[in-house]
S.K.: 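Below is one structure. I have some questions about it.
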Amino acid sequence: ETGVTQTPRHLVMGMTNKKSLKCEQHLGHNAMYWYKQSAKKPLELMFVYSLEERVENNSVPSRFSPECPNSSHLFLHLHTLQPEDSALYLCASSQRYGDSSPYEQYFGPGTRLTVT
Amino acid sequence: AQSVAQPEDQVNVAEGNPLTVKCTYSVSGNPYLFWYVQYPNRGLQFLLKYITGDNLVKGSYGFEAEFNKSQTSFHLKKPSALVSDSALYFCAVRDPRRALTFGSGTRLQVQP
């Protein structure tokens, strides 16, 4: 395993529901990421947190709301989602972000989200 | 803006044969290049990276990749494919001070 865990692994929710995805890393990393993986599309970077501060927000709709309470935990709060939001949501972490050091990212197994 | 292209949606190879998964990139300045693999129902796993130096980079599970600056390519290779290598492979590029940009992925099918 990579040291990054995600819960739940599968989630089915209606368009009016509110739910949260959780990510935890046990690697002592300072940066955490949310990605969306849809069929036949490249991975889409959604959010980046470095030292618990959001440093990238790539035009993600406001129905997705990230939270990073500490360097080990990352949440993605979901509300009033659309069917096209159904995808695999991947969390990743890396040692650092934003400097010239090319640290690789370690990924969790993902949460398979289905919006009905 | 940085970008990466994987021109093949799928690569088929017989077990025991060499395999190549192609990747080309576009980035300003010196690139940092990565390969990841994704098995079914799993997240992405890091295989190898190129930072600087030797153009041939060795990684996990017997994979290696060749950096070619003039062709802006970073192809993934393995001398002898295994059925267990069947998975989805992603190339990624990183500018300094940026997050990774991933390609669309190439599905590798190794037939017994």
Side-chain angles (χ1 to χ4, degrees), chain A residues 1-10 21 23-25 27 29-50 54-60 87-112, chain B residues 1-10 23-53 57 59-61 63 65 67 74 87-107:
Chain A
E1 297 303 325
T2 63
V4 181
T5 58
Q6 290 186 243
T7 54
R9 294 292 307 275
H10 300 272
L21 310 184
C23 175
E24 183 173 2
Q25 58 96 359
L27 302 168
H29 289 168
N30 288 325
M32 297 187 77
Y33 310 76
W34 279 117
Y35 288 88
K36 177 183 179 182
Q37 186 178 23
S38 305
K40 301 187 186 300
K41 292 177 69 175
L43 264 72
E44 300 173 52
L45 178 66
M46 300 175 72
F47 302 103
V48 182
Y49 277 83
S50 176
R54 191 190 311 180
V55 295
E56 282 203 40
N57 177 351
N58 286 354
S59 304
V60 179
L88 183 67
Y89 288 85
L90 292 165
C91 173
S93 71
S94 66
Q95 193 166 345
R96 292 214 300 263
Y97 172 85
D99 59 22
S100 59
S101 299
Y103 298 109
E104 59 269 25
Q105 294 178 17
Y106 292 82
F107 285 79
T111 295
R112 173 70 62 186
Chain B
Q2 58 190 32
S3 65
V4 63
Q6 294 180 245
E8 302 156 316
D9 287 340
Q10 181 157 323
C23 171
T24 59
Y25 66 90
S26 173
V27 65
S28 58
N30 293 322
Y32 299 142
L33 295 156
F34 301 79
W35 275 102
Y36 286 81
V37 60
Q38 186 177 31
Y39 296 100
N41 301 313
R42 304 282 294 275
L44 278 68
Q45 295 179 35
F46 169 73
L47 277 179
L48 52 81
K49 65 182 176 184
Y50 171 81
I51 305 171
T52 186
V57 179
S60 307
Y61 312 121
F63 283 94
F67 172 69
F74 189 56
L88 192 55
Y89 290 81
F90 291 93
C91 181
V93 64
R94 179 175 176 250
D95 261 332
R97 302 190 61 79
R98 296 287 300 276
L100 291 177
T101 298
F102 285 86
S104 54
T106 298
R107 186 163 301 282

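Residue numbering restarts at 1 for every chain, and letters A, B, ... go by the order of the sequence lines. Values below: all heavy atoms of this structure, side chains included; hydrogens, waters and symmetry mates excluded.
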S.K.: Sort out for me which of A/K41, A/Q105, A/R112 touches chain B most, counting heavy-atom pairs under 4.5 Å.
M.R.: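 Most pairs with chain B among the choices: A/Q105.
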S.K.: If you count heavy-atom pairs within less than 4.5 Å of chain A, which of B/S104, B/A92, B/G103, B/G105 leads?
M.R.: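 Looking at each option in turn, the highest pair count goes to B/S104.
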S.K.: Pair A/L43, B/Y36 - check side-chain contact (heavy atoms from CB on, under 4.5 Å), show working.
M.R.: CA-CA 12 Å; A/L43 264 72; B/Y36 286 81; over 6 Å; no
S.K.: Does any heavy atom of chain A fall under 4.5 Å from the side chain of B/Q38, the backbone, both, or neither of them?
M.R.: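 The answer is the side chain of B/Q38.
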S.K.: From B/K49 NZ over to A/Y103 OH, what is the distance, rounded to the nearest 0.5 angstrom?
M.R.: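 Result: 8.5 Å between the selected atoms.
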S.K.: For residues A/F107 and B/L44, report the shortest heavy-atom separation together with the two atoms involved.
M.R.: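 In terms of heavy atoms, the two residues are closest at CB-O, 3.3 Å.
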S.K.: Can you tell me which portion of B/L47 sits under 4.5 Å from chain A's heavy atoms? Options are side chain, backbone, both or neither.
M.R.: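 B/L47 has no heavy atom closer than 4.5 Å to chain A.
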S.K.: Determine whether B/F102 and A/Q37 make a side-chain contact, defined as any pair of heavy atoms from C-beta on separated by less than 4.5 Å.
M.R.: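 Side-chain contact under 4.5 Å: no.
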S.K.: What residue, out of A/G108, A/A31, A/G110, has the most heavy-atom pairs lying under 4.5 Å from chain B?
M.R.: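 Ranked by heavy-atom pairs under 4.5 Å with chain B, first place is A/G108.
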